[in-house]
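As a basis for the values below, the full set of heavy atoms in this structure was taken, side chains included, without hydrogen atoms, waters or symmetry mates. None of the values given here were measured: they were computed from a predicted structure. Residues take their numbers from the sequence shown, with the count starting at 1.
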Amino acid sequence: MPRALAPRALVLVHETDPVRQHRIPGTVLPALAELGVEAEIGTFLGGGRVPDPADRDLVVVMGSAHAAYDDDLPWLAPELAFLRRAVEVDTPVLGICFGGQALARALGGTVGRAPGPERGLVDLDTLRPDVLLAGRWMEFHYDAFTLPPGAEELSRNAVALQAFASGPHLGLQFHPEITPDVFAAWSESWSPEVAAAVAAEVDLDAVRAELTTRADDLAGACRAVVAGFLARADLPSAA
């Protein structure tokens with residue numbers, strides 16, 4: 001496939017509102033831009049159509065409030081087929097939370113309920129600091145993925161596998177894209193019942209305060225994740 005002057009990324013979101021589609025990727029979009037990658041937003045929700053992954057240089061799959069094992073979702077089968085196609089044609093995929101879970105399924109792994117929820121910022125170690133830095137990352141999930149066949153484990157804690165690599169593909173259980181606005185976008189969509197359940201699990205005011213005070217550090221960490229992904233995928237960047 002002939003490439004454009006700059007690598008082209010498709011960022012898959014699980015939103016239909018055009019404003020929220022651009023809020024949810026958070027610091028991923030500026031990180032891609034700073035690294036010389038042209039990004040477009042796509043979704044399978046609402047009957048959305050996206051380009052063939054063979055026509056893009058990389059794919060980023062963002063999170064979702066839905067479960068990556070809920071095969072009753074009408075858009076999940078097309079999205080999984082898209083990811084399997086990306087793997088088939090060697091288009092590198094960066095999967096974030098739900099996106100990491102969907103990537104794990106596309107690679108032959110499984111997704112299910114985690115032993116417990118993870119909400120808020122969590123310190124994670126790494127088995128491969130050259131691929132993924134240890135750090136304090138945002139977690140917001142009830143589910144977890146297993147290690148796909150042939151993949152390399154990068155990080156694990158007492159709750160779940162947190163990151164894996166498979167060839168050029170990178171799956172993350174945490175949210176490097178987080179900003180105060182991303183967290184606000186999440187919380188705006190919560191029903192009163194969900195908001196009450198989340199508030200029972202985590203100190204939301206403390207989370208918001210840490211996201212604000214550490215905004216620059218978190219943005220830098222996201223950029224490092226994206227830059228490392230591009231390097232592992234052997235894609236050029238402006239870094």
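- Nearest heavy atom pair, residue Ala6 against residue Gly36, reads CB-O, 3.4 Å.
- When all heavy atoms of Gly171 and Phe145 are compared, the pair lying nearest together is O-CZ, 4.2 Å.
- Ring-plane geometry between Trp190 and Phe140 is classed as parallel, the angle between the planes falling under 30 degrees on a 0 to 90 degree scale with a further cut at 60.
- A chain of hydrophobic side-chain contacts below 4.5 Å, direct or via other Ile, Leu, Val, Met, Phe, Trp or Tyr residues, connects Trp186 to Val28.
- Within the 4.5 Å cutoff, side-chain heavy atoms of Ile96 are placed close to those of Pro176.
- Exactly one of Val59, Leu230, Val61, Leu172 qualifies for a side-chain contact (heavy atoms from CB on, under 4.5 Å) with Leu94. That residue is Leu172.
- Judged by distance alone, with hydrogens and angles left aside, the side-chain atoms of Asp57 form a donor-acceptor pair with the main-chain N or O of Arg8 at under 3.5 Å.
- Panel note: side chain Arg20, backbone Ala185; a donor-acceptor pair is recorded below 3.5 Å.
- For Phe98, the ring pair (Phe, Tyr, Trp, His ring centres under 6.0 Å) partners two or more places apart in sequence, or in a different chain, are His14, Trp75.
- Looking at heavy atoms from C-beta onward, Leu107 lies out of side-chain contact with Leu83 at the 4.5 angstrom threshold.
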(request) Evaluate the criterion salt bridge (Lys or Arg N to Asp or Glu O under 4.0 Å) for residue pair Arg23 and Glu15; output intermediate values, then yes/no. (result) CA-CA 10 Å; Arg23 291 175 68 191; Glu15 301 282 348; over 6 Å; no

(request) Step by step, work out the side-chain contact (heavy atoms from CB on, under 4.5 Å) result for His175 and Val182. (result) CA-CA 10 Å; His175 289 273; Val182 170; over 6 Å; no

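- Val37 places none of its side-chain heavy atoms less than 4.5 Å from the side chain of Val226.
- The closest donor-acceptor contact from the side chain of His141 to the backbone of Asp143 lies under 3.5 Å.
- Pro25 is listed as a side-chain neighbour of Ile41, based on a closest heavy-atom distance under 4.5 Å.
- For Gly95 against Leu103, the heavy-atom pair with the smallest separation is N-CD2, 4.3 Å.
- A donor-acceptor distance shorter than 3.5 angstrom exists from the side chain of Thr146 to the backbone of Thr110, with no hydrogens or angles considered.
- Side-chain polar atoms of Gln173 and Gln101 form a donor-acceptor pair below 3.5 angstrom.
- Ala9 and Leu32 get closest at one heavy-atom pair: CB-CD1, 4.3 Å.
- Note that CE of Met138 and SG of Cys222 are 14.0 Å apart. Values are rounded to the nearest 0.5 Å.
- Using a 4.5 Å cut-off on side-chain heavy atoms (C-beta onward), Glu118 and Asn157 make contact.
- Remark: Phe44 engages Phe82 in a ring pair (Phe, Tyr, Trp, His ring centres under 6.0 Å) (not counting sequence neighbours).
- In this structure, Ser166 contributes its side chain and His169 its backbone to no donor-acceptor pair below 3.5 Å.
- Put simply, the side chain of Ser155 gets close to the backbone of Asp125: a donor and an acceptor are under 3.5 Å apart.
- A distance of 12.0 Å separates CG in Leu58 from CG in Leu170, rounded to the nearest 0.5 Å.
- Without hydrogens or angle criteria, Thr126 side chain to Leu133 main chain gives no donor-acceptor distance under 3.5 Å.
- Transitive grouping of hydrophobic side chains (ILVMFWY, heavy atoms separated by less than 4.5 Å) keeps Trp137 and Val159 in distinct clusters.
- Linking Ile, Leu, Val, Met, Phe, Trp and Tyr whenever their side-chain heavy atoms come within less than 4.5 Å leaves Leu132 and Leu147 in two separate clusters.
- The distance from atom CZ of Arg119 to atom CG of Asp203, rounded to the nearest 0.5 Å, is 14.5 Å.
- A side-chain donor-acceptor contact under 3.5 Å links Arg105 to the backbone of Ala68.
- The environment of Asp216 atom CG is sparse: at most 12 non-hydrogen atoms of other residues, nucleotides or ligands sit within 6.0 angstrom.
- Ser64 is not listed as a side-chain neighbour of Glu79, based on a closest heavy-atom distance of 4.5 Å or more.
- Under the 4.5 Å side-chain heavy-atom criterion for Ile, Leu, Val, Met, Phe, Trp and Tyr, Leu124 and Val202 are members of the same hydrophobic cluster.
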